[in-house]
Engineer: 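Got a structure for you, questions after.
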Amino acid sequence: MLYFFIIINLITFATFALDKWKAVKHKRRISEFSLLYLSFIGGTAGAVLGMLFFRHKVSKKSFLWKIGFIIFFHILLGFLYQFVLFSFRMC
């Protein structure tokens with residue numbers, strides 16, 4: 001599972017870099033849905049680093065809200081996972 005998260009975050013980071021490059025060159029862009037989907041399936045760290053490193057999508061409020069929701073959802077899943085894991089250990 002660790003390898004999956006490393007790979008998906010590297011792919012997400014590279015996708016943000018590619019989209020920024022395409023934006024600068026006025027070429028056909030990567031869809032916002034694709035960027036958000038990569039973040040949702042586990043590439044949140046790569047997305048945030050890509051946004052900060054390349055200054056990409058940081059001024060777009062709607063995108064920031066969506067990324068914020070994905071981060072909140074991942075944190076919530078982490079807490080639920082820990083709660084369920086702890087509950088089964090107590091039995």
Side-chain angles (χ1 to χ4, degrees):
M1 195 72 161
L2 177 64
Y3 292 124
F4 170 76
F5 284 114
I6 291 171
I7 290 169
I8 195 66
N9 279 291
L10 288 173
I11 290 170
T12 305
F13 183 80
T15 305
F16 270 79
L18 179 62
D19 191 47
K20 177 64 175 190
W21 178 81
K22 286 182 173 194
V24 170
K25 298 292 183 182
H26 302 289
K27 297 195 179 249
R28 185 173 166 92
R29 304 276 303 277
I30 297 168
S31 71
E32 208 172 87
F33 176 81
S34 297
L35 296 173
L36 290 169
Y37 180 74
L38 286 170
S39 301
F40 184 76
I41 63 170
T44 307
V48 170
L49 289 174
M51 289 171 66
L52 295 174
F53 189 77
F54 302 111
R55 289 193 215 171
H56 189 49
K57 300 275 190 189
V58 293
S59 63
K60 192 168 184 183
K61 299 285 186 206
S62 65
F63 191 82
L64 292 175
W65 276 102
K66 292 170 188 171
I67 286 288
F69 176 76
I70 291 171
I71 292 169
F72 173 75
F73 182 72
H74 284 170
I75 290 170
L76 183 65
L77 280 180
F79 280 123
L80 288 173
Y81 176 77
Q82 289 297 320
F83 176 75
V84 170
L85 190 66
F86 183 73
S87 296
F88 281 119
R89 285 185 183 169
M90 295 301 288
C91 293

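Positions are given from 1 along the sequence. Atoms considered below: every heavy atom in the structure, side chains included; atoms not considered: hydrogens, waters and symmetry mates.
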Engineer: Consider salt bridge (Lys or Arg N to Asp or Glu O under 4.0 Å). Of Arg28, Arg29, Lys27, which one does Asp19 pass it with?
Structural biologist: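 Per the salt bridge (Lys or Arg N to Asp or Glu O under 4.0 Å) rule, the option paired with Asp19 is Arg29, out of Arg28, Arg29, Lys27.
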Engineer: When clusters are formed by joining ILVMFWY residues with side-chain heavy atoms under 4.5 Å apart, either directly or through shared neighbours, do Ile6 and Met1 land in the same one?
Structural biologist: no
Engineer: Working to the nearest 0.5 Å, report the span between CZ of Phe4 and CG of Asn9.
Structural biologist: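 The CZ atom of Phe4 sits 9.0 Å away from the CG atom of Asn9.
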Engineer: Given the side-chain rings of Phe54 and Phe13, with only the six-membered ring counted for Trp, is the space between their centroids under 6.0 Å?
Structural biologist: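 Under 6.0 Å, so yes.
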Engineer: In Å and rounded to the nearest 0.5 Å, what is the OG1 to CD1 distance from Thr15 to Ile8?
Structural biologist: 8.0 Å
Engineer: To the closest 0.5 Å, what do you measure between NZ (Lys60) and NZ (Lys66)?
Structural biologist: 6.5 Å
Engineer: Hydrophobic cluster membership, with links at side-chain heavy-atom distances under 4.5 Å among I/L/V/M/F/W/Y: are Phe53 and Leu38 in one?
Structural biologist: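 No, because Phe53 and Leu38 fall into different hydrophobic clusters, even though each may have its own neighbours under 4.5 Å.
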Engineer: Any chance you could measure Thr44, atom OG1, to Phe5, atom CZ, to the nearest 0.5 Å?
Structural biologist: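 Output value for this atom pair is 9.0 Å.
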Engineer: How far apart are the closest heavy atoms of Ser39 and Thr12, and which atoms are they?
Structural biologist: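 So the minimum-distance heavy-atom pair works out to OG-CG2, 4.3 Å.
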Engineer: Would Lys57 count as a cation-pi partner of Phe63, with NZ or CZ less than 6.0 Å from the six-membered ring centre and within 45° of the ring normal?
Structural biologist: yes
Engineer: Calculate, to the nearest 0.5 Å, the distance between atoms OG and CG belonging to Ser34 and Leu36 respectively.
Structural biologist: 9.0 Å
Engineer: Test side chain to side chain contact (heavy atoms under 4.5 Å, CB included) on Leu77 and Phe73 and set out the steps.
Structural biologist: CA-CA 6 Å; Leu77 280 180; Phe73 182 72; 3.4 Å; yes
Engineer: How long is the gap from CH2 on Trp65 to CD1 on Ile67, to the nearest 0.5 Å?
Structural biologist: 13.5 Å
Engineer: Indicate if Leu52 and Leu10 have the same hydrophobic cluster label, given that clusters are the connected sets of ILVMFWY residues with side-chain heavy-atom separations under 4.5 angstrom.
Structural biologist: no
Engineer: What heavy-atom pair brings Phe16 and Gly50 nearest, and what distance separates the two atoms?
Structural biologist: CB-CA, 4.2 Å
Engineer: Should Met51 and Ile30 be regarded as members of a common hydrophobic cluster, given that ILVMFWY residues are connected when their side-chain heavy atoms come within less than 4.5 Å of each other, either directly or indirectly?
Structural biologist: yes
Engineer: Same cluster for Phe40 and Leu64 if Ile/Leu/Val/Met/Phe/Trp/Tyr side chains link at under 4.5 Å?
Structural biologist: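 Linked, Phe40 and Leu64 end up in one cluster.
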Engineer: Is the backbone N or O of Ile41 less than 3.5 Å from a side-chain atom of His74, with the two atoms forming a donor-acceptor pair by type?
Structural biologist: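 Flag not set: sc His74 to bb Ile41 has no pair under 3.5 Å.
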